[in-house]
Visitor: 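Take this structure first; my questions come after.
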Amino acid sequence: MKESIERLVGQRCIISTIRQDYVGEIAEVKSDSLTLKKKNYDLFINLNYIVSVRPLPTNKKGKKKLFYTTS
């Protein structure tokens, strides 16, 4: 899982954990944690709790598309 997430560093992603979904830019991946940059703060997520990681959808011009999460 760590190697797959390292390829997404610097991209905005939707990260699904056991309890809820997070949206933000992946800043750093360490041996057991992921740093997610939000607007006003950084969020640290344990890699063992991550279920899936998806890049944020964009349109042809590179703008963010609307998306809905179930949390």
Visitor: Between atom OH of Tyr22 and atom CD1 of Ile14, what is the distance when rounded to the nearest 0.5 Å?
Guide: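 These two atoms lie 14.5 Å from each other.
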
Visitor: Taking side chain to side chain contact (heavy atoms under 4.5 Å, CB included) as the criterion, tell me which of Val9, Ile5, Asn46 meets it with Leu34.
Guide: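 Of Val9, Ile5, Asn46, side chain to side chain contact (heavy atoms under 4.5 Å, CB included) with Leu34 is met by Ile5 alone.
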
Visitor: Are Val51 and Leu43 grouped together when hydrophobic residues (ILVMFWY) are joined by side-chain heavy atoms under 4.5 angstrom apart?
Guide: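 Hydrophobic grouping puts Val51 apart from Leu43.
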
Visitor: Assess whether salt bridge (Lys or Arg N to Asp or Glu O under 4.0 Å) is satisfied between Lys2 and Glu6, documenting all intermediate values.
Guide: CA-CA 6 Å; Lys2 180 184 172 201; Glu6 284 178 346; 3.7 Å; yes

Visitor: Output the distance between atom CD1 (Ile26) and atom NZ (Lys37), rounded to the nearest 0.5 Å.
Guide: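 Interatomic distance, Ile26 CD1 to Lys37 NZ, rounded to 0.5 Å: 13.0 Å.
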
Visitor: When you group the ILVMFWY residues by side-chain heavy-atom contacts below 4.5 Å and let the links chain together, are Ile15 and Tyr49 in the same group?
Guide: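 Hydrophobic grouping puts Tyr49 apart from Ile15.
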
Visitor: If you take all heavy atoms of Pro55 and Cys13, which pair is closest and at what distance?
Guide: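 Heavy atoms of Pro55 and Cys13 come nearest at CA-SG, 3.9 Å.
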
Visitor: Nearest heavy-atom pair of Arg54 and Ser16: which atoms, and what distance?
Guide: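 Minimum heavy-atom contact is NH2-OG, 3.9 Å.
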
Visitor: If you measure from OG on Ser33 to CG on Leu47, what distance do you get to the nearest 0.5 Å?
Guide: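 Between atom OG of Ser33 and atom CG of Leu47 there are 6.5 Å.
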
Visitor: In Å and rounded to the nearest 0.5 Å, what is the CZ to CD distance from Phe44 to Glu28?
Guide: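 Rounded to the nearest 0.5 Å, the CZ-CD separation comes to 8.0 Å.
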
Visitor: Specify the closest pair of heavy atoms between Arg12 and Val23, including all atoms of both residues, with the distance to one decimal.
Guide: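 Reported closest heavy-atom pair: NH2-CG1, 3.6 Å.
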
